[in-house]
Amino acid sequence: ATEGEARLAIRWAVYENNESAYIRLVSIPVEIPFKLPDDYRLKLGRGVYIKEGTDILLIAYGPVMLSQAYNAALKLKEAGIDAAVMNLPWLNHIDGGWLAEEVGKYKKIFTIDDHYVKLGQGSIIASELVKQVNHPPIISLGILEIPVCGQNAEVLESHKLDAASIVKEILKNQ
């Protein structure tokens, strides 16, 4: 999500991880409107809030989608929806017990992937939460077709993954 998190991920992969690791980095310029907590440390399968909220939870990863989720949460506040935003940097390791404790207080969960919805992080989150007795409804936003080409903002808008489209999708699903 940030330069600091990339540094933590590389150190984790080299010094703490006993398996192979794949670290997905972003190579385009991204303006990051949020800040990770100063005491943030990577914990396998767990995330961190970049914005607190009480109504719904947006879960994303990486600087592009977290920025869109964060900006969407700010716009939702204007519409009377207090959205929390969680950075969950693990794409294939989710601590289901921890996540179930975190999400229980929200009315709905929206996962946001710059990846296909099918087999993306959202489906892994849903798979972990379905093991729990009670969890809020989960709506996964992401790529549904072969990705279009263009500038980053154009591609995000085309796939309805820009902040304005995320807001519309959330309002439609309330």
field: Of all pairs that satisfy salt bridge (charged side-chain N to carboxylate O under 4.0 Å, His left out), the ones with a partner from residues 89-112, not counting sequence neighbours
entry: Arg46-Asp95, Asp55-Lys107
query: When the aromatic ring centroids of Trp90 and Trp12 are compared, is their separation below 6.0 Å?
result: yes
- prompt: For the residue pair Leu66 and Ala1, what are the closest heavy atoms and their distance?
  reply: CD1-CB, 3.4 Å
- request: Apply side-chain contact (heavy atoms from CB on, under 4.5 Å) to Val103 and Ile125, showing your working.
  value: CA-CA 11 Å; Val103 303; Ile125 289 169; over 6 Å; no
field: Partners passing side-chain contact (heavy atoms from CB on, under 4.5 Å) against Ile32 (at least two apart in sequence or in another chain)
entry: Thr2, Val30, Phe34, Pro63, Ser67
All side-chain hydrogen bond (donor to acceptor under 3.5 Å, both in side chains) counterparts of Tyr40, not counting sequence neighbours: Glu5
message: Once rounded to the nearest 0.5 Å, what's the spacing between atom NZ of Lys168 and atom CD1 of Ile166?
response: 12.0 Å
task: Using a strict cut-off of less than 4.0 Å between a Lys/Arg side-chain nitrogen and an Asp/Glu carboxylate oxygen, indicate whether Asp82 and Lys51 qualify as a salt bridge.
output: yes
query: Are Tyr61 and Asp113 close enough that a side-chain donor and a side-chain acceptor fall under 3.5 Å?
result: yes
- line: So OH of Tyr49 and CG of Leu36: to nearest 0.5 Å the spacing works out to 14.5 Å
task: For Ala163, enumerate each residue passing the side-chain contact (heavy atoms from CB on, under 4.5 Å) test, keeping only those at least two apart in sequence or located in another chain.
output: Gln68, Asn71, Ala72, Lys75
message: Which heavy atom of His135 sits nearest to which heavy atom of Leu129, and what is that distance?
response: CD2-O, 3.0 Å
query: Minimum heavy-atom separation for Gln121 to Leu91, with atom names?
result: NE2-CD2, 4.0 Å
- request: In plain terms, say whether Glu157 and Lys160 are close enough for a salt bridge, that is, a side-chain N and a carboxylate O under 4.0 Å apart.
  value: no
query: Honestly curious: do Ile143 and Val148 fall in one hydrophobic cluster under the side-chain, below-4.5 Å linking rule?
result: no
message: List the residues meeting side-chain contact (heavy atoms from CB on, under 4.5 Å) with Glu169, not counting sequence neighbours, and say none if there are none.
response: Leu141, Lys172, Asn173
query: Listed by chain and number, what are the side-chain hydrogen bond (donor to acceptor under 3.5 Å, both in side chains) partners of Ser158, not counting sequence neighbours?
result: none
